[in-house]
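For the single chain, residues carry numbers from 1 onward in sequence order.
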Amino acid sequence: NEFQLNDSLQEDLKVSYGLKSNYISYIYQEPDNNSDVVMLGTRDAGLFFYSNYKNNFKHYESILLQNNPASAASVFSIFQQDDNYLWASTYNGLSRINLKNNSVKNFFTSGTKTSQLFQAIFQDSKGNIWFGGENGLFLYNSKTESFSSVAINNAPNPHAEVIRITEDEQGKLVVAT
């Protein structure tokens, strides 16, 4: 789902605070974090961090532009892995931003057979990071920095589009297609 700002609010945010888009495609705040920072993915202007304390936006377009210029405009999903990494899903796949030095590593960039849009990013209770997208469910291997496609059990199409991922009280993955 996409959130569009009303006209008076969007002008105030653009002029006064630095938000350069009318279309917010994803809002993320670390659930157990006491930080005042909220991360915003936009459809047409990239990634923003909003600080409630400073009452302003920090634009991260230049970070995503380092290696993958076409991906910077649209951010569809955001996940902060730990204090070191932030994942952003874009039209051209995934960008992993090192929050310590602002370097970017891109995965599934356009022009490859694995290019896809990821709508869901989830870390389970065992520390595994899962990605859901238009071509199904993927598990990230941090040692090899690679992704493995995982078939969805009991689904009519085991590689159906995945839009949300969570887990139940027993630690079993729950996937919405």
Would you give the length of the straight line joining atom [atom1] of [X] to atom [atom2] of [Y], rounded to the nearest 0.5 angstrom?
| X | Y | atom1 | atom2 | value |
| --- | --- | --- | --- | --- |
| L139 | S148 | CG | OG | 6.0 Å |
| Q170 | D168 | CD | CG | 4.5 Å |
| K100 | Y85 | NZ | OH | 10.5 Å |
| I163 | E134 | CD1 | CD | 13.0 Å |

Discussion item. Quick check against the 3.5 Å criterion: does S25 have a side-chain atom that pairs as donor or acceptor with the backbone of G41?
Written reply: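 Checked: pair present.
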Worksheet entry | For S77 against Q119, the heavy-atom pair lying closest together |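 Answer, listing the atom of S77 first, then Q119: OG-O, 3.4 Å.
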Discussion item. To check you understand the geometry: which heavy-atom pair defines the closest contact between E167 and G171, and what is its length?
Written reply: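 Heavy atoms of E167 and G171 come nearest at OE1-O, 3.4 Å.
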Is there a donor-acceptor contact under 3.5 Å linking the side chains of [X] and [Y]?
| X | Y | value |
| --- | --- | --- |
| N141 | S146 | no |
| N55 | Y50 | yes |
| T177 | E161 | no |

Can you tell if the side chain of [X] reaches within under 4.5 Å of the side chain of [Y], non-hydrogen atoms only?
| X | Y | result |
| --- | --- | --- |
| M39 | Q80 | yes |
| L173 | L137 | yes |
| L94 | S89 | yes |
| V38 | I27 | yes |
| I97 | L86 | yes |

Worksheet item: Relative to the ring of F147, is the ring of F107 parallel (under 30°), tilted (30 to 60°) or perpendicular (over 60°)?
Response: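 Because their plane-to-plane angle is over 60°, the rings of F107 and F147 count as perpendicular.
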Discussion item. Assigning hydrophobic clusters by single linkage (Ile, Leu, Val, Met, Phe, Trp, Tyr; side-chain heavy-atom cutoff under 4.5 Å), is Y140 placed with L99?
Written reply: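 Yes.
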Worksheet entry | Connected via hydrophobic side-chain network under 4.5 Å: V104 and F79 |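 The answer is yes; both residues are in one hydrophobic cluster.
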Item to complete: Using the side chain to side chain contact (heavy atoms under 4.5 Å, CB included) rule, take H159 and N135 through it: C-alpha gap first, then chi angles, then the decisive distance, then the call.
Response: CA-CA 6 Å; H159 298 287; N135 295 320; over 6 Å; no
Discussion item. For the aromatic rings, using the six-membered ring if either is Trp, is the centroid distance between F131 and W87 under 6.0 Å?
Written reply: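 Judged by ring-centre distance (under 6.0 Å), F131 and W87 do meet the cut-off.
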Worksheet item: Taking W130 as the fixed residue, which of V175, I165, I121 is the one that meets the side chain to side chain contact (heavy atoms under 4.5 Å, CB included) rule?
Response: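 Testing W130 for a side chain to side chain contact (heavy atoms under 4.5 Å, CB included) against V175, I165, I121 leaves exactly one candidate, I165.
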Worksheet entry | From CA spacing to verdict: side chain to side chain contact (heavy atoms under 4.5 Å, CB included), Y26, V75 | CA-CA 7 Å; Y26 201 85; V75 176; 5.6 Å; no
Practice prompt. Verify side chain to side chain contact (heavy atoms under 4.5 Å, CB included) between L40 and L47, making sure each step is shown before the conclusion.
Written response: CA-CA 6 Å; L40 302 162; L47 179 65; over 6 Å; no
Item to complete: Decide yes or no on side chain to side chain contact (heavy atoms under 4.5 Å, CB included) for F122 and T166, but give the supporting numbers first.
Response: CA-CA 7 Å; F122 179 75; T166 190; 4.2 Å; yes
Practice prompt. Please identify each residue that fulfils salt bridge (charged side-chain N to carboxylate O under 4.0 Å, His left out) with E145, with sequence neighbours left out.
Written response: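 Checked E145 against salt bridge (charged side-chain N to carboxylate O under 4.0 Å, His left out); matches are R96, K105.
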